[in-house]
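I have placed the structure first, in the form of structure tokens, so that the comments after it can refer back to it.
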Amino acid sequence: MSELMQYGSLDRREVVARLLSGRKKLLVVGGIGSASFDVMAAGDHDNNYYLWGAMGGAAMIGLGLATARPDYSVLVLTGDGDMLMGFGALATIAIRKPANLTVAVLDNGHFGQTGWQESHTGRGLALEQVARTCGFSWSDKITNLNGIDDLRERLHTRSGAKFATIKIRASTSPRVPPPRDGVYVKTRFRSSLGHYPI
Amino acid sequence: MDTAVVGQQCWQEDVFRVLKQHGVKHVVYVPDIPHSTTIREAEADKEISAVVLTTEEEGIGYLAGAWLGGDRGVLLMQSSGVGNCINALALQCCTRFPLLMVVAMRGDWAELNPWQTPMGRATEKALTLMNVMTWRADDPKDVEPLLHGAATMAFNGGHACALLLGQRLIGEKQ
């Protein structure tokens with residue numbers, strides 16, 4: 001599928017690879033669909049947790065993880081569709097004020113996996129404004145690679161919950177599927193943090 | 001405010017004590033009156049993260065994340081919230097993290113609001129359909145052993161386990 005419309009201009013694969021380059025003490029939750037593919041494409045890692053289902057759940061997984069492991073930085077990378085389905089999570093996260101959590105939405109303004117229907121963000125909703133209103137300590141819209149470099153530095157600050165809308169192109173990237181075996185991914189992730197199978 | 005009367009306080013305090021005994025560090029909830037004591041004690045406990053949710057399925061994701069980080073938690077809700085959790089329970093089915101839930105029932109006995117009844121009558125079946133094991137407490141003396149059993153099977157087995165607090169236990173809402 002070629003580019004559908006002029007939305008964002010950033011390439012999602014380039015954005016995610018740049019955000020995760022040189023990562024240290026960073027736990028990553030990849031949201032359902034293309035976001036998980038992007039995280040996988042940047043390089044499989046024991047500290048990646050990929051979602052293939054439970055749409056709407058990525059941000060709350062990030063909150064639980066960030067609360068349990070304040071010694072790590074946690075990054076949720078997900079799409080606008082997933083974030084919209086878990087809209088209330090913005091309120092729940094904001095009042096908890098997790099200092100080590102960043103939610104970054106790869107926003108192409110569309111439901112890309114289901115036929116490219118226009119989403120709420122594609123029709124004008126600014127998620128970064130919603131996050132700011134909810135009470136995130138930092139929230140911004142990112143439209144260029146300088147913004148990505150700035151966000152990468154912010155991941156490791158302890159200044160409160162952070163939120164970024166990253167405006168990406170509404171276009172298809174090759175599928176790079178992460179493991180579908182959720183038990184394996186979970187156990188690998190926990191083992192890397194020193195928690196062995198029950 | 002609690003509606004507990006003399007003789008019921010015991011089981012309400014049993015819930016929090018059993019959760020502490022099992023090393024629960026996260027109490028995530030959509031409130032209901034029968035959970036009032038547990039919520040109040042969790043909010044007051046510095047070792048516990050008490051998290052109020054906007055909708056129950058947020059709790060499934062939260063507890064999956066907490067477990068990834070090595071922590072145990074519990075989700076408290078009313079039976080109507082079980083309906084909100086159905087698709088999110090796929091996360092537990094596919095990753096098999098320990099999921100402990102305590103569900104305050106509506107619509108199963110002497111229900112004053114008929115709009116509570118459809119989901120209340122479907123609660124246990126819906127949980128079972130999604131591979132959640134259920135136990136039901138209608139007698140105050142059953143709460144402690146049943147919650148202990150559910151927590152044991154969740155945390156030692158990676159299962160999804162729910163204790164249902166029946167309306168006979170909770171008391172008739174006036």
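Reminder, nothing fancy here: chain letters follow the sequence lines and each chain counts from 1. Note that the coordinates shown come from a computational prediction; the quantities given were computed from them, not determined experimentally.
- Under a hydrophobic-cluster definition in which Ile, Leu, Val, Met, Phe, Trp and Tyr are linked whenever side-chain heavy atoms come within less than 4.5 Å, directly or via other members, B:Ile60 and B:Leu76 are assigned to different clusters.
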Between side-chain atoms of residues 19-29 of chain A and protein atoms elsewhere (two or more places apart, or another chain), which donor-acceptor pairs fall under 3.5 Å?
from	atom 1	to	atom 2	distance (Å)
A:Ser21	OG	A:Arg18	O	3.0
A:Arg23	NH1	A:Asn48	OD1	2.7
A:Arg23	NH2	A:Leu26	O	3.0
A:Arg23	NH2	A:Asn47	O	3.4
A:Arg23	NH2	A:Asn48	OD1	3.0
A:Lys25	NZ	A:Asp71	O	3.4

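- Follow the hydrophobic side-chain contacts under 4.5 Å out from B:Tyr29 and you never reach B:Met119; the two are in separate clusters.
- When the heavy atoms of residues 65-73 of chain B are compared with those of chain A, the residues falling under 4.5 Å are B:Gly65, B:Ala66, B:Trp67, B:Leu68, B:Gly69, B:Gly70, B:Asp71, listed by number.
- The environment of B:Trp109 atom CH2 is dense: over 12 non-hydrogen atoms of other residues, nucleotides or ligands sit within 6.0 angstrom.
- Using a 4.5 Å cut-off between heavy atoms, B:Glu58 touches chain A through backbone and side chain atoms alike.
- In the hydrophobic cluster analysis, where Ile, Leu, Val, Met, Phe, Trp and Tyr join through side-chain heavy atoms closer than 4.5 angstrom, B:Leu146 is grouped apart from B:Leu75.
- Heavy-atom pairs under 4.5 Å with chain B were tallied for A:Met55, A:His195, A:Arg190; the largest tally goes to A:Arg190.
- Side chain of A:Arg96 to main chain of B:Ala50: a donor-acceptor pair is present (N/O by atom type, distance under 3.5 Å, no hydrogens or angles).
- The number of heavy-atom neighbours closer than 6.0 Å to NE2 of A:His45, taken from other residues, nucleotides and ligands shown, is above 12.
- The contact between B:Ser49 and chain A is made by backbone and side chain atoms together, counting heavy-atom distances below 4.5 Å.
- For the atom pair OG1 (B:Thr54) and CE (A:Met60), the distance works out to 8.0 Å, reported to the nearest 0.5 Å.
- Linking ILVMFWY residues whenever their side-chain heavy atoms come closer than 4.5 Å, directly or via other members, leaves A:Phe87 and A:Met85 in distinct clusters.
- Environment of NE2 in B:His148: sparse, with no more than 12 heavy atoms of neighbouring residues, nucleotides or ligands closer than 6.0 Å.
- Both B:Ile39 and B:Val74 are members of a single hydrophobic cluster when ILVMFWY side chains are connected at heavy-atom separations under 4.5 Å.
- With rounding to the nearest 0.5 Å, the separation of NE2 in B:His26 from CG in A:Leu63 is 9.5 Å.
- Looking at B:Leu63, neither its backbone nor its side chain comes within 4.5 Å of chain A, counting heavy atoms on both sides.
- Around atom CG of A:Asp181, more than 12 heavy atoms belonging to other residues, nucleotides or ligands sit under 6.0 Å away.
- Residues A:Ile61 and B:Ala64 share a closest heavy-atom pair of CG1-CB, 4.4 Å.
- Environment of CZ in A:Arg188: crowded, with over 12 heavy atoms of neighbouring residues, nucleotides or ligands closer than 6.0 Å.
- Listed by sequence position, B:Leu91, B:Cys94, B:Thr95, B:Arg96, B:Phe97 are the residues of residues 89-103 of chain B in contact with chain A, using a 4.5 angstrom heavy-atom cutoff.
- Residue A:Gln117 qualifies as enclosed at atom CD: its count of foreign heavy atoms under 6.0 Å is above 12.
- Of all residues spanning residues 123-155 of chain A, none has a heavy atom less than 4.5 Å away from chain B's heavy atoms.
- No more than 12 heavy atoms of other residues, nucleotides or ligands lie within 6.0 Å of NZ in B:Lys25, so this atom counts as exposed by the packing criterion.
- Residue contact with chain B, scored on non-hydrogen atoms closer than 4.5 Å, is absent for A:Tyr72.
- Chosen from A:Leu65, A:Leu51, A:Leu193, A:Ile95, the residue pairing most often with chain B at heavy-atom distances under 4.5 Å is A:Leu65.
- Chain A forms more heavy-atom pairs under 4.5 Å with one residue of B:Thr55, B:Leu53, B:Val51 than with any other, namely B:Val51.
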